[in-house]
Trainee: 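I'd like to ask some things about the structure below.
Remember, it's a predicted structure, so these values are computed and weren't measured experimentally. Here is the naming used below: chain letters follow the sequence lines, and residue numbers restart at 1 for every chain.
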Amino acid sequence: MKRPALNRVVGLLILLVFSFSCASDLDYDQANDLKLEPIFVANLVYFDVPANEFVTNGVEQSVIFDTPTVDVFNDDFFRDNLKKVEFFFEMENTINRAYSVDLVFLDNNNQRVHATNFSVPAYTGAENKVTKTEIFENAQLDLLKRTTKIVFTLTMLPGATLNENSSGRLKLRSGVTAYLVVE
Amino acid sequence: MRKIILIFVLFLAIDCFSQNKQILYNFTSVPQSLMTNPGADFKYNWYAGVPLLSGISANVGSSGFSAYDLFADNGVDFNVKLRNAVFSSTRKDKVAINEQIEIFNGGFKIAGEQSDSYISFGMYQEFDMLSYVPKDIAILALDGNRNYLGKVFNLGDLSAKAEMLSVFHLGFHKNITEKFILGVRGKIYSSIYNANSTNNSGYIYTISSDTGVYEQMIYSQLQLNTSGIAQYDDQDYEPNVAKDITKRALLGGNLGLGFDAGFTYYPKKNIQVTASIIDVGFIKHSKEVESLTFKGTYKYEGVIPNFSSGNSAGGGYQEFKEAIPLDTLYADYTTWRPAKFNTSVQYSFDEERPEDCNCLNYDPETTYKSAVGAQLFVMSTPRTPLVAFTTYYRRKIFKALQMKATYTLDSYSYKNIGLGLSSHFGPVNFYVLADNLLEYSDVTKANSLSFQLGLNVIFKNTKK
């Protein structure tokens with residue numbers, strides 16, 4: 001007599017658990033909508049040239065230059081997901097001469113993809129900074145991504161003669177803000 | 001049918017978590033309680049689990065967020081839900097899955113002059129996964145570093161491991177005295193595959209600088225160890241996964257050794273103390289091992305022309321790859337099994353009248369109908385150990401039906417109510433145990449759930 005009663009109790013309990021349990025609708029396909037939009041900042045270029053680098057053996061060098069390679073755009077992930085770039089430049093001059101500073105971005109075939117110029121006045125004792133912001137999107141950005149090297153040319157404009165003991169420095173700080181969209 | 005499978009998968013996916021089998025522990029009406037304490041007070045002539053059906057258990061937990069938080073079909077953008085989940089969790093939050101299926105299991109008694117000894121043996125398959133929420137890395141991926149100047153992103157947040165293995169075990173327990181039962185169990189582990197990345201450290205930070213615009217530093221000590229996976233990377237290899245798994249499950253994998261030990265002690269007739277330590281053991285990985293490392297330090301300064309020498313620095317990406325190279329190693333490594341410690345104190349009351357015992361051959365030793373008790377569970381993890389505290393009420397409802405109700409406090413939940421039922425119809429024992437019952441009103445919102453069920457055949461003496 002007892003067993004049917006028992007079966008009923010166990011059956012009821014199991015039924016109870018399952019009838020009260022329920023689940024909201026879940027949609028795992030949503031994971032396909034994943035879209036990351038991180039914004040990274042980093043240094044772009046930097047130099048800090050003392051006045052005496054414009055003087056060799058007592059003779060002024062009015063033009064100095066260098067062409068470092070730039071390989072950040074070699075990475076596929078970065079190239080594919082970069083949607084917008086902001087460059088920030090700050091030139092500071094504490095040398096008693098004016099300068100024209102050129103940055104020319106070249107691609108693998110030495111074709112110019114972007115160029116920027118700063119006219120930096122001579123130092124007269126007051127703070128002497130020149131800043132510039134550049135924004136790249138769409139076609140301009142695609143062009144920029146071809147960059148493999150940057151030609152830096154510092155041209156010293158006429159003025160009071162420098163010697164190896166002249167004071168002051170010509171300094172460039174610059175940062176990049178990279179907007180990525182990963183889908 | 002599809003729906004049933006879906007529900008089952010959901011169970012598996014949501015339902016299980018930390019390997020805390022608080023309902024099964026010391027629930028000696030079920031033979032599988034021996035697996036949580038080899039010194040459990042479980043007496044039998046012989047028993048055998050129904051192959052593949054004797055012990056099925058699964059455990060899923062996520063302390064930071066639930067499946068509903070991420071995947072609810074509620075019209076909210078997935079990316080918004082993901083952000084909320086990441087920002088509301090901490091680096092201590094974890095997602096864990098544990099699943100065990102007994103392939104076979106059995107035991108028999110060796111009658112002794114003074115006291116009986118019991119042998120139990122079997123094989124089970126286990127899958128284990130544990131991952132902490134890599135919060136800082138997730139923030140970097142979601143937001144980047146622009147709004148976090150000065151924050152030190154901790155690469156040590158990355159901590160995860162996964163393993164599938166089979167376990168062969170042989171246990172022995174004996175009444176040393178009337179009041180004291182001692183048991184031990186030896187185990188051989190055969191790892192089918194293993195991946196772990198738990199000893200990571202390092203950081204990334206960006207702060208404002210006078211030299212450049214930023215000072216930016218990466219220090220990385222990341223390592224991922226794998227075994228049993230490397231060959232699938234090889235394009236020439238034609239995988240036969242089923243055959244590989246079978247071979248490795250039957251002692252053809254990376255082998256390890258371990259033991260369990262436990263006791264049950266009755267200081268008074270109605271007071272019981274138990275303790276056990278489970279899975280003290282290691283696996284030595286030497287077959288098909290492959291480790292990936294990302295180790296080094298790199299300070300990024302940008303492109304720096306050098307006007308005086310012409311030797312300019314500028315290959316930032318190349319420099320980075322040289323400073324923090326991705327290396328592949330093929331060195332042996334050892335993993336420790338997550339060790340589990342259980343202990344309990346129980347007070348029994350409601351003495352059973354002897355005439356109740358006449359008709360059935362069920363559990364003549366039990367002289368109390370009811371018991372209350374408390375249990376403590378501690379499990380080793382890659383970081384701070386996991387601790388759970390349980391109080392329970394155990395009751396013999398009918399002669400053939402035992403019930404154990406539990407209330408558990410742990411890092412996943414403070415309202416975890418569990419219920420276990422074990423029925424004996426003749427020699428046939430069926431049990432079903434489930435916890436977090438309050439969450440069954442909507443299982444998708446549960447942070448953790450676990451269940452165990454199984455079918456055994458048990459023969460006991462009517463007397464003694």
Trainee: Please classify the contact of Asp143(B) with chain A as side chain, backbone, both or neither, using a heavy-atom distance under 4.5 Å.
Mentor: backbone

Trainee: Does any heavy atom of chain A fall under 4.5 Å from the side chain of Leu70(B), the backbone, both, or neither of them?
Mentor: backbone

Trainee: Would one find more than 12 heavy atoms of other residues, nucleotides or ligands at under 6.0 Å from atom CZ of Arg146(A)?
Mentor: no

Trainee: Taking atom CZ of Arg79(A) as the centre, report whether more than 12 heavy atoms of other residues, nucleotides or ligands fall under 6.0 Å from it.
Mentor: yes

Trainee: Sort Ser209(B) into side chain, backbone, both or neither according to what part of it lies under 4.5 angstrom from a heavy atom of chain A.
Mentor: backbone

Trainee: Aromatic rings Phe87(A) and Phe105(A): how do their planes relate, parallel, tilted or perpendicular, breaks at 30° and 60°?
Mentor: parallel

Trainee: Establish, yes or no, whether the cationic atom of Lys132(A) lies under 6.0 Å from the six-membered ring centre of Phe118(A) and within 45° of the ring axis.
Mentor: yes

Trainee: Let me know if Ala31(A) has heavy atoms under 4.5 Å from chain B in its side chain, its backbone, both or neither.
Mentor: both

Trainee: Of the listed residues (Asp210(B), Leu142(B), Asn147(B), Asn79(B)), which shares the most heavy-atom pairs with chain A below a 4.5 Å separation?
Mentor: Asn79(B)

Trainee: Do the side-chain N and O atoms of Thr148(A) and Asp71(A) include a donor-acceptor pair separated by under 3.5 angstrom?
Mentor: no

Trainee: We want to know whether Asn429(B) and Ser422(B) form a side-chain donor-acceptor pair, criterion being a heavy-atom distance below 3.5 angstrom.
Mentor: yes

Trainee: Top residue by heavy-atom pair count (under 4.5 Å) with chain A, among Ile139(B), Leu140(B), Leu82(B)?
Mentor: Leu140(B)

Trainee: Relative to Phe153(B), does Lys151(B) satisfy both conditions: NZ or CZ under 6.0 angstrom from the six-membered ring centre, and within 45 degrees of the ring's axis?
Mentor: yes

Trainee: At a 4.5 Å cut-off on heavy atoms, which part of Thr177(A) comes close to chain B: side chain, backbone, both, or neither?
Mentor: side chain

Trainee: Counting only non-hydrogen atoms closer than 4.5 Å, does Phe152(A) touch chain B with its backbone (N, CA, C, O), its side chain (CB onward), both, or neither?
Mentor: both

Trainee: Do we see a donor-acceptor contact under 3.5 Å between the side chains of Thr206(B) and Asn145(B)?
Mentor: yes

Trainee: Starting from the C-alpha separation in whole Å, work towards a yes-or-no answer on side chain to side chain contact (heavy atoms under 4.5 Å, CB included) for Tyr205(B) and Glu215(B).
Mentor: CA-CA 8 Å; Tyr205(B) 70 78; Glu215(B) 180 182 325; 3.0 Å; yes

Trainee: Using a cut-off of under 4.5 Å on heavy-atom pairs, state which of Glu301(B), Gln216(B), Arg146(B) scores highest against chain A.
Mentor: Arg146(B)

Trainee: Identify the residues of residues 154-161 of chain A whose heavy atoms come closer than 4.5 Å to a heavy atom of chain B, ordered by number, or report 'none'.
Mentor: Leu154(A)

Trainee: So, Thr116(A) versus Glu134(A): side-chain donor-acceptor pair below 3.5 Å or not?
Mentor: yes

Trainee: Using a heavy-atom cutoff of under 4.5 Å, enumerate the residues of residues 38-62 of chain A that contact chain B, numbered in order, or state 'none'.
Mentor: Pro38(A), Ile39(A), Phe40(A), Val41(A), Ala42(A), Asn43(A), Leu44(A), Val45(A), Tyr46(A), Phe47(A), Val49(A), Glu53(A)

Trainee: Ring centres of Phe430(B) and His424(B) under 6.0 Å apart?
Mentor: no

Trainee: In terms of heavy-atom pairs under 4.5 Å, which option from Leu34(A), Leu180(A), Val182(A) contacts chain B the most?
Mentor: Leu34(A)

Trainee: What do the steps show when you test Asn110(A) against Lys149(A) for side-chain hydrogen bond (donor to acceptor under 3.5 Å, both in side chains), and what is the final call?
Mentor: CA-CA 9 Å; Asn110(A) 290 325; Lys149(A) 48 187 171 286; 3.0 Å; yes

Trainee: Check each atom of Asn74(B) against the heavy atoms of chain A and say whether the ones under 4.5 Å are side chain, backbone, both or neither.
Mentor: neither

Trainee: Check whether more than 12 heavy atoms from other residues, nucleotides or ligands sit under 6.0 Å from atom CZ of Phe87(B), and answer yes or no.
Mentor: yes

Trainee: Answer with side chain, backbone, both or neither: which region of Val76(B) has an atom nearer than 4.5 Å to a non-hydrogen atom of chain A?
Mentor: backbone

Trainee: Using heavy-atom distances under 4.5 Å, tell me whether Tyr179(A) contacts chain B through its side chain, its backbone, both, or neither.
Mentor: side chain

Trainee: State whether a side-chain donor-acceptor pair under 3.5 Å links Tyr300(B) with Glu319(B).
Mentor: no

Trainee: Are Tyr431(B) and Leu421(B) close enough that some pair of their side-chain heavy atoms sits under 4.5 Å apart?
Mentor: no

Trainee: Hey, do the aromatic rings of Phe320(B) and Tyr298(B) have their centres closer than 6.0 Å?
Mentor: yes

